[in-house]
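The model shown is predicted, which means the values in this text are computed figures rather than measured ones.
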Amino acid sequence: MKVVKTIEEVREAVRGWRAEGLSVGLVPTMGFLHEGHKSLIVRAAADNDRVVVSDFVNPTQFGPTEDLESYPRDLNRDAALCEEAGAALIFNPEVDEMYADDATTFVNMTGPSEDLCGMSRPIHFRGVCTVVSKLFNIVKPDRAYFGQKDAQQLAVIRRMVRDLNFDIEIVGCPIVREADGLAKSSRNTYLSAEERQAALVLSQAVKLGQKMAEDGEKSADKIVDAMKKHIEAEPLAKIDYVKAVDAVSVSPVTEMKPPVLVAMAVYIGKTRLIDNFIYEG
Ligand code: PAF
């Protein structure tokens, strides 16, 4: 497995593989990889002859008061995990390799990007769509892999691929959780021991909502209210949102008519965590 820093090195590697008739999968990441990322790479390696992992903390998707500077980074650890999971190449560019100083072109979306995280992080999905489009153009993969934990991101990418005619299959992969239920996230490392315990309210609320839906509750508001009540009982938790939306359009729903995405963002202390479930009926 190789770690490369330039777009040209990626293109050269991919050209070589294409000349041999090999298929290529892409796993876009911001590094500090965990078991959730590993599951994406393992899946990509099962589906494709070669896997590229991009490892890039993308500045354009962070707001001015967000954690761009403190976002955890550890390339050596990432490289070991990628190698074990079956990746062939890590693309770890510097910011100036990805963005010209005078770059003025961005991918802007309305619709699926506007509610949920789009409300409290207004430039986030513009940055995500822009960097993912650039990665698609650099790697030109057959397939690209995204985690269901970022369910809105997955819906946004699917819409972008459809609207902009990228010839790439988007594969969504299940949430990977710690033994006690907490969804794996690079941001979990920010949590103190006390906050780590408090953070369990997210996955507990997911379980509660999921059970209500499976038991036949048809009112999305009742499910969301019960989940909010559970989270609000934890003093360290502050809800950003808990909402039920159509899983494809990400527009609000009042009825549990599948597929419904029930998603949340909750601050535990200063750390903003997300979790969700999809009700398929
Ligand atoms: O999910 C992430 O880690 C990022 O949003 C992504 C897709 C790698 C784009 O920077």
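Across Gln148 and Asn276, no two heavy atoms sit closer than the pair O-ND2, 3.0 Å. For Arg187 against Arg272, the heavy-atom pair with the smallest separation is CD-O, 4.0 Å. Shown here for Ile168 and Pro141, the closest heavy-atom pair between the two residues is CG1-O, 3.4 Å. Shown here for Pro59 and Tyr99, the closest heavy-atom pair between the two residues is CD-CE1, 4.3 Å. In plain terms, the two heavy atoms of Pro72 and Tyr190 that are nearest each other are CD-OH, 3.4 Å.
Counting non-hydrogen atoms of neighbouring residues, nucleotides and ligands closer than 6.0 angstrom, the CD atom of Glu9 exceeds 12 such neighbours. Annotation for Glu66: atom CD counts as buried by contact number, over 12 foreign heavy atoms lying within 6.0 Å. Counting non-hydrogen atoms of neighbouring residues, nucleotides and ligands closer than 6.0 angstrom, the NZ atom of Lys218 exceeds 12 such neighbours. Summarising the local packing, CD of Glu12 is surrounded by 12 or fewer heavy atoms from other residues, nucleotides or ligands at distances under 6.0 Å. No more than 12 heavy atoms of other residues, nucleotides or ligands lie within 6.0 Å of CG in Asp167, so this atom counts as exposed by the packing criterion.
A salt bridge does not link Lys270 with Glu195: none of the charged nitrogens is closer than 4.0 Å to a carboxylate oxygen. Look at Arg18 and Asp142 and you find a salt bridge, because one of the NZ, NE, NH1 or NH2 atoms lies within 4.0 Å of a carboxylate O, short of that distance. A salt bridge links Arg15 with Glu8: the closest approach of a Lys/Arg side-chain nitrogen to an acidic carboxylate oxygen falls below 4.0 angstrom.
The side chain to side chain donor-acceptor pair (under 3.5 Å) with Asn92 is formed by just one residue from the set Arg73, Lys5, Glu97; it is Lys5.
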Practice item. Evaluate side-chain contact (heavy atoms from CB on, under 4.5 Å) for His230 paired with Val201, printing each intermediate quantity in order. Key: CA-CA 7 Å; His230 181 81; Val201 286; 4.1 Å; yes
Review point. Could you walk me through whether His124 and Gln152 pass the side-chain contact (heavy atoms from CB on, under 4.5 Å) check?
Key: CA-CA 11 Å; His124 177 67; Gln152 185 179 14; over 6 Å; no
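Residues Leu33 and Arg77 form no side-chain contact, since every pair of their non-hydrogen atoms from C-beta on lies 4.5 Å or further apart. Side-chain contact check for Asp115 versus Met119: some heavy-atom pair is nearer than 4.5 Å.
Between the side chains of Thr29 and Asp55, no donor N or O sits under 3.5 Å from an acceptor N or O. With hydrogens and angles left out, the side-chain atoms of Asn58 and Tyr71 include no donor and acceptor closer than 3.5 Å.
To the nearest 0.5 Å, the span separating CG on Asp221 from CE on Met256 amounts to 10.5 Å. Separating the CG atom in Asp78 from the OG atom in Ser186 is a distance of 8.5 Å, to the nearest 0.5 Å. Atom SG of residue Cys129 and atom CE of residue Met109 lie 4.0 Å apart, to the nearest 0.5 angstrom.
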